[in-house]
Visitor: 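Sharing a structure here in structure tokens format.
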Amino acid sequence: MSDNPISLSRYLIEQERRHGHIPGSLRLLIEQVARACKRISRAVSKGASSGILGSAGSENVQGEVQKQLDVIANDVLLEANEWGGHLAAMASEELEQIYPVPHRYPRGEYLLLFDPLDGSSNIEVNVTIGTIFSVLHLADGVRDVGAEHFLQAGRDQVAAGYCTYGPQTTLVLTLGHGVAVFTLDSEQGSFVLTQEGLRIPESTREFSINMSNMRHWAPPVQRYVDECLQGRNGPRGKDFNMRWVGSMVADVHRILMRGGVFLYPWDRREPDRAGKLRLLYEANPMAMLVEQAGGMATAGTERILDIQPQNLHQRAAVMLGSREEVALLQRYHAEAQ
Ligand code: P6P
């Protein structure tokens, strides 16, 4: 670690000075989100000692049982960001409706979307989980913000990131000009820059998918995974390894750091659903990060960031990571049409 580590605040100020592409209000918003993630990290790290593990006894809009920490993380993010004056409204995986900033606070030009605690089914078994967030710009002149203002294609995001709560607490962030990684220095209590200009290797030997769903996949995905499993004697000519943490932030973080391809494709268990993962606050922010790091992110034949959302909690098939693999998946889907 350098003697004079660069803090998140200094990084953002220098990005603003160097590129001028970070309005002060966006910089302050990112800093607020980071502060909220530090609070969530502290709550998560206490684990069973805090008595806040386990179910909250309620379900979210997705019909999933909420963990106490899901609710706590959601509340931390709402409370940390509602008063700053940078936001007009927020949207969360845990809330059916959008959360307009209360009238007692000034409203700003941004919209913040988040999955407050992704992978929370892993909490009780101490596996890395995380917060995923996305920032959109509110159209000019909008006075009464509604859900329709969140329905922007992912290519219109102004920032995206996630925070992992694992062996380290890391904040991975893009403002549209590359990907930077910050690690929480728990002694200082601040995020310090540990990597910038992240690049995903174009080729890989590692794929990430929940293999137990194999019989439910569409043919292009079956074809792709089958060829990976054939290894060096098959058409790919090389052996593959498989990793599946079951926590999107953990799987995507590994891919950003060392390459690989992550798949949560459509499957016939829910034929009317595009997939399990949500477009606005899971697929889009991860797709922006992956593309900013030189990778690709597709829903099959369509670039994820080009999908025009129809509703706040809609789902998308997600295949993202090393360019060579995602391009092959995209070709297999096109050939199957
Ligand atoms: P499965 C966690 O519940 C999550 O939304 C993602 O973080 C993760 O990638 C996926 O679902 C895991 O799904 O079906 O393997 O449990």
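The figures that follow rest on heavy atoms only: side chains count, while hydrogens, waters and symmetry mates do not. For the single chain, residues carry numbers from 1 onward in sequence order. These figures come from a predicted structure and were not determined experimentally. Whatever order the structure lists them in is the order used to number ligands and atoms, beginning at 1.
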Visitor: Kindly determine whether E94 and V71 satisfy side chain to side chain contact (heavy atoms under 4.5 Å, CB included), including the steps that lead there.
Guide: CA-CA 7 Å; E94 300 302 328; V71 176; 5.7 Å; no

Visitor: Which residue is it: T128, T194, T183, T164? I am looking for the one with a side chain to side chain donor-acceptor pair (under 3.5 Å) to T170.
Guide: T164

Visitor: Would you please determine whether D251 falls within less than 4.0 Å of ligand 1 on a heavy-atom basis?
Guide: no

Visitor: As a check for students: among A250, G119, G275, G246, identify the option with a heavy atom nearest to atom 12 (C) of ligand 1.
Guide: G246

Visitor: So L12 and L175, do their side chains get closer than 4.5 Å, heavy atoms only?
Guide: yes

Visitor: Measure the OH-NE2 distance between Y162 and H253 for me, rounded to the nearest 0.5 Å.
Guide: 5.0 Å

Visitor: What's the verdict on side chain to side chain contact (heavy atoms under 4.5 Å, CB included) for I6 and F182, showing C-alpha distance, side-chain angles and the deciding distance?
Guide: CA-CA 9 Å; I6 295 178; F182 302 83; 5.7 Å; no

Visitor: Kindly state whether the ring of F207 and the ring of W244 have centres lying under 6.0 angstrom apart.
Guide: no

Visitor: If you count the atoms of ligand 1 from 1 in the order shown, which ones are under 4.0 Å from a heavy atom of L277?
Guide: 5 (O), 6 (C)

Visitor: On a heavy-atom basis, I'd like to know which of M286, E93, E282, K276 is closest to atom 1 (P) of ligand 1.
Guide: K276

Visitor: Check each atom of ligand 1 against the heavy atoms of M248 and keep those under 4.0 Å away; list them by number with element.
Guide: 6 (C), 7 (O), 8 (C), 9 (O)

Visitor: Under 4.0 Å from any heavy atom of N210, which atoms of ligand 1 are there?
Guide: 1 (P), 14 (O), 15 (O)

Visitor: Is S247 in polar range of ligand 1, meaning some N or O pair under 3.5 Å apart?
Guide: no

Visitor: Quick check: does W244 get an N/O under 3.5 Å from an N/O on ligand 1?
Guide: yes

Visitor: Should the heavy atoms of other residues, nucleotides or ligands under 6.0 Å from CZ of R232 be counted, would the total exceed 12?
Guide: no

Visitor: Would you mind checking which non-hydrogen protein atom is closest to atom 14 (O) of ligand 1, with the distance to 0.1 Å?
Guide: Y264 OH, 2.6 Å

